[in-house]
J.: 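Below is one structure. I have some questions about it.
Residue indices begin at 1 and follow the sequence shown.
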Amino acid sequence: MLRELGERPVAAPLLAGFGGTPAAVGGPSLDGYARQLAAAARGPWIAVGHSMGAKVALESAVCGAPGLLGLILISPSPPTPEPISDEARRKALAAWGNRAAATVNLTAITGGAVSAEVLAQCVEDELSVDEVTWRWWYTTGSLVDISAAASKVNLPVLVLTGDNDKVLGLEVAVGVTRHFANAALDIIPGGGHLVPLEQPGVVAGHIREFASRLAELSAA
């Protein structure tokens with residue numbers, strides 16, 4: 001999707017515990033990830049996050065990251081504890097490092113909306129997550145409640161979601177939008193939970209439009 005954004009300057013930091021990197025020193029935390037995200041920014045910036053990354057992006061606003069102009073939260077994990085059943089959580093924890101489980105899960109999530117090449121890369125990305133980091137998210141990170149602090153965030157917020165998100169569902173994105181005084185919800189027809197990979201051009205278009213509006217507001 002980064003290619004779809006064209007000439008705009010973009011930083012995509014590899015968070016600790018992902019992409020084959022070890023877990024963060026001292027253990028993963030939303031605050032630590034938010035600081036890592038903010039450290040990659042140069043000048044005024046917009047935090048963009050998908051799923052867990054959306055909660056990290058929101059935490060950067062909660063922490064008052066310098067130069068942050070707005071948030072784009074895609075298929076977001078909510079600021080409240082993520083709605084996941086005990087059984088689903090158990091299965092997720094048991095699936096760490098399991099190629100067959102990752103393939104079945106990601107095939108179900110995408111529903112044929114991505115190419116075989118993209119699906120294969122998604123599987124590799126999932127398998128590259130450090131075990132400590134994986135377990136932290138399902139046992140701790142996804143359950144952290146930052147909703148009270150999130151309700152005080154007054155930055156412009158764009159919530160993007162597909163209408164076919166089989167992981168969190170449209171109702172979660174609607175609820176996330178309601179947490180902010182200055183938020184808009186854009187629903188992408190046919191999009192699933194991995195909509196940045198399923199419809200990269202569409203998602204990039206929403207990002208460009210949001211960034212342009214913020215630039216106009218800043219110049220006014």
J.: For D125, give me all partners under salt bridge (charged side-chain N to carboxylate O under 4.0 Å, His left out), at least two apart in sequence or on another chain.
T.: none
J.: Quick one: pull up OG1 in T133 and CD in E131 and give me the separation to the nearest 0.5 Å.
T.: 10.0 Å
J.: Under 3.5 Å, is there a donor-acceptor pair between the side chain of D163 and the main chain of G190?
T.: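 Yes.
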J.: Would you confirm whether W45, through its side chain, and A11, through its main-chain N or O, come within 3.5 Å as a donor-acceptor pair?
T.: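 No: the side chain of W45 does not pair with the backbone of A11.
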J.: Output, in order, the C-alpha distance, side-chain angles, deciding distance and verdict of side-chain contact (heavy atoms from CB on, under 4.5 Å) for I207 and V48.
T.: CA-CA 9 Å; I207 293 174; V48 182; 4.3 Å; yes
J.: Of all heavy-atom pairs between G192 and S75, which one has the smallest distance, and what is that distance?
T.: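 G192 and S75 have their closest heavy atoms at O-OG, 4.0 Å.
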J.: For the side chain of W96 and the backbone of V129, is there at least one donor-acceptor N/O pair under 3.5 Å apart?
T.: yes
J.: Can you sort out the partners of R178 under salt bridge (charged side-chain N to carboxylate O under 4.0 Å, His left out), two or more places apart, ordered by chain and number?
T.: none
J.: Please check this pair: side chain of Q199 against backbone of P189, looking for a donor-acceptor N/O pair closer than 3.5 Å.
T.: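 Indeed, once roles are kept as given, a pair shorter than 3.5 Å links the two residues.
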J.: Evaluate the side-chain contact (heavy atoms from CB on, under 4.5 Å) criterion for residues I109 and V167: first the C-alpha distance (whole Å), next the side-chain angles of each, then the deciding distance (0.1 Å), finally the verdict.
T.: CA-CA 7 Å; I109 289 173; V167 175; 3.7 Å; yes
J.: Taking only residues two or more places apart in sequence, or in another chain, which ones meet R89 in a salt bridge (charged side-chain N to carboxylate O under 4.0 Å, His left out)?
T.: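 Scan of R89 (salt bridge (charged side-chain N to carboxylate O under 4.0 Å, His left out), adjacent residues dropped) gives none.
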J.: Suppose the criterion is ring-ring contact (aromatic ring centres under 6.0 Å, His included): which pairs have a residue in residues 159-211, not counting sequence neighbours?
T.: H50-H193
J.: Please tell me whether W136 and Y33 form a close aromatic pair, meaning their ring centres lie under 6.0 Å apart.
T.: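 For W136 and Y33, the ring centres are under 6.0 Å apart.
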J.: Looking at side-chain heavy atoms only, is the closest gap between I72 and I46 below 4.5 Å?
T.: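 Yes; the side chains approach each other to less than 4.5 Å.
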J.: In this structure, which one of I74, D165, V202 forms a side chain to side chain contact (heavy atoms under 4.5 Å, CB included) with I188?
T.: V202
J.: Please check if atom CD in E87 has more than 12 non-hydrogen atoms from other residues, nucleotides or ligands closer than 6.0 Å.
T.: yes
J.: Do L15 and Q36 have side chains that get closer than 4.5 Å, going by heavy atoms?
T.: yes
J.: Would you check if there is a donor-acceptor pair between the side chains of S147 and D145 at a distance under 3.5 Å?
T.: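 On atom types as modelled, these side chains qualify, holding a pair under 3.5 Å.
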J.: With distance as the sole test, does W134 use its side chain to make a donor-acceptor pair with the main-chain N or O of G97 at under 3.5 Å?
T.: no
J.: Using the salt bridge (Lys or Arg N to Asp or Glu O under 4.0 Å) rule, take E59 and K55 through it: C-alpha gap first, then chi angles, then the decisive distance, then the call.
T.: CA-CA 6 Å; E59 177 71 7; K55 196 161 190 173; over 6 Å; no
J.: May I ask whether V132 and L93 are part of the same hydrophobic cluster, defined by side-chain heavy atoms of I, L, V, M, F, W, Y residues being less than 4.5 angstrom apart, directly or through others?
T.: no
J.: From K91 NZ over to D86 CG, what is the distance, rounded to the nearest 0.5 angstrom?
T.: 12.5 Å
J.: T21 side chain to F18 main-chain N or O, any donor-acceptor pair under 3.5 Å?
T.: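 Yes; at least one donor-acceptor contact below 3.5 Å.
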J.: With a 4.5 Å cut-off on side-chain heavy-atom distances among I, L, V, M, F, W and Y, is there a chain of contacts connecting V118 to V104?
T.: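 The answer is no; the residues belong to distinct hydrophobic clusters.
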J.: Ion pair present between R35 and D31, side-chain N to carboxylate O less than 4.0 angstrom?
T.: yes
J.: Would you say the side-chain atoms of S51 pair up with the backbone N or O of P76, donor to acceptor, closer than 3.5 Å?
T.: no
J.: Quick check on side chain to side chain contact (heavy atoms under 4.5 Å, CB included): which of L197, L119, N105 does T110 satisfy it with?
T.: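 The residue from L197, L119, N105 that satisfies side chain to side chain contact (heavy atoms under 4.5 Å, CB included) with T110 turns out to be L119.
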J.: If you round to the nearest 0.5 Å, how far is CD of Q121 from OG of S115?
T.: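 S115 atom OG to Q121 atom CD measures 10.5 Å (nearest 0.5 Å).
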J.: Would you call R213 and E209 a salt bridge, using N to O less than 4.0 angstrom?
T.: yes
J.: Just how far is it from atom CZ of R135 to atom CG of D130, taken to the nearest 0.5 Å?
T.: 10.5 Å
J.: Looking only at heavy atoms, what is the nearest atom pair of A102 and E126, with distance?
T.: CB-OE2, 3.4 Å
J.: Determine whether a donor-acceptor pair (N or O, by modelled atom type, separation under 3.5 Å) exists between the side chain of E82 and the backbone of L143.
T.: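 No; zero donor-acceptor contacts below 3.5 Å.
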J.: Please assess V56 against L30 for the test side-chain contact (heavy atoms from CB on, under 4.5 Å), listing each intermediate value before the final yes or no.
T.: CA-CA 6 Å; V56 171; L30 279 179; 4.1 Å; yes
J.: Where is the tightest heavy-atom contact between S60 and L68, given as atom of each residue plus distance?
T.: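 Smallest interatomic distance, heavy atoms only, reads OG-CD2, 3.8 Å.
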J.: Return the set of residues passing side chain to side chain contact (heavy atoms under 4.5 Å, CB included) with L185 (not counting sequence neighbours), or none when no residue passes.
T.: V159, T161, A173, V174, T177, I187
J.: Are L194 and C122 close enough that some pair of their side-chain heavy atoms sits under 4.5 Å apart?
T.: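 Yes, at least one pair of side-chain atoms sits under 4.5 Å.
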J.: Side chains of V157 and N182, heavy atoms from C-beta outward: is any pair under 4.5 Å?
T.: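 The answer is no, as the side chains (C-beta and beyond) never meet within the 4.5 Å cut-off.
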J.: Residues two or more places apart in sequence or in another chain: which of them pass side chain to side chain contact (heavy atoms under 4.5 Å, CB included) with V172?
T.: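 If we apply the side chain to side chain contact (heavy atoms under 4.5 Å, CB included) test to V172, skipping adjacent residues, the hits are P78, P83, L168, V176.
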J.: Please determine whether side-chain contact (heavy atoms from CB on, under 4.5 Å) holds for the pair L69 and L155, giving the CA-CA distance in whole Å, both sets of side-chain angles, and the decisive distance to 0.1 Å.
T.: CA-CA 7 Å; L69 300 179; L155 297 172; 6.0 Å; no
